[in-house]
Amino acid sequence: MSPVELYKDKTHEVLMFTDLIDEDGQAVQANQFLICDGDTGAIIDPGGNLAFNELFLNMSKHFPPSKLAYLIASHADPDIIASLDRWMTSTRATLVISRIWERFAPHFTKVGKTDDRVVGVPDAGGRLPLGQHELWLLPAHFMHSEGNFHFYDPVSRILFTGDLGASLVSGKQAREPVTELKPHLPNMEGFHRRYMVSNKILRLWVRMARELDIAMIVPQHGAPIAGAGAIKDFLAWIENLQCGIDLFDSSAYRLPKNVIDPSITAGHRPA
Ligand SMILES: [Fe+2]
Ligand SMILES: [Fe+2]
């Protein structure tokens, strides 16, 4: 399927790829993004090896890979950056990633592939030149990764939120922006309770996010959240969500008694 055009004007374009991974496979659905400003291009959250071939091929229809300036990673999880070796081989792009991951990222590549090609972003974030504009790298630490950034594009007013706002839906469903939050909550709730670290962090982040003029919140899994109403409701929901360490107590830390049956693999476990 062709990518979703999230924004386009004469010089600026934002594309979302939602279905590059085999739907019947056991890997979680993930979105990848191409953002172009004039003749400068960047991939946001390029994904794992499952997505590489399709993304590279599709991207080439819109933008010459040889001119790709950046690979921008919200954090260092496998579904974000495991394809790093192939991107470093096929393009001359620079990896932009949290400073706390900059020395871990080379573990994804063959020796020397990342030499002088990693920009480590400090905890405070910053504004990254992209063509005639800038991409804002916003602190989103512990949402869920310890060194985590979200990306705000002031031209399209899209906020790319990595795993925040993620929903567990199909690649096809991920193409359709959600404009009403309530029916969408069951797709997000379990994920956020377990993968987000604490309500304190969510509240601090919401305070920052409310200063932005946001047209769309676009997560790395599932559907974008679009429109003033749904975005306002999302911020209010996140602000009040108990998650992660809020929900863990001594009962979660006991010496285990149950035997793990190694013949039951992930795809064959009863629901
Ligand atoms: Fe993640
Ligand atoms: Fe993810």
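Note that ligands are numbered from 1 as they come in the structure, with each ligand's atoms numbered from 1 the same way. These numbers were taken from a predicted model, which means no experiment stands behind them.
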* Does a donor on one side chain and an acceptor on the other come within less than 3.5 Å for His221 and Asn31? -> no

* Structure fact -> Checked the Fe ion (ligand 1): protein N, O or S atoms closer than 2.8 Å come out as His75 NE2, Asp77 OD2, His144 NE2, Asp163 OD2

* **Asp153-His133 side chain donor-acceptor pair, cut-off 3.5 Å** => no

* **Pairwise distance CD(Glu5) to NZ(Lys8) - rounded to 0.5 angstrom** => 5.5 Å

* Asked: Does the side chain of His150 come under 3.5 Å of the side chain of Trp205 through a donor N or O and an acceptor N or O?
  -> yes

* Are side-chain N/O atoms of Asn240 and Arg203 paired as donor and acceptor at under 3.5 Å? -> no

* Is a side-chain donor-acceptor pair under 3.5 Å present for Asp45 with His75? -> no

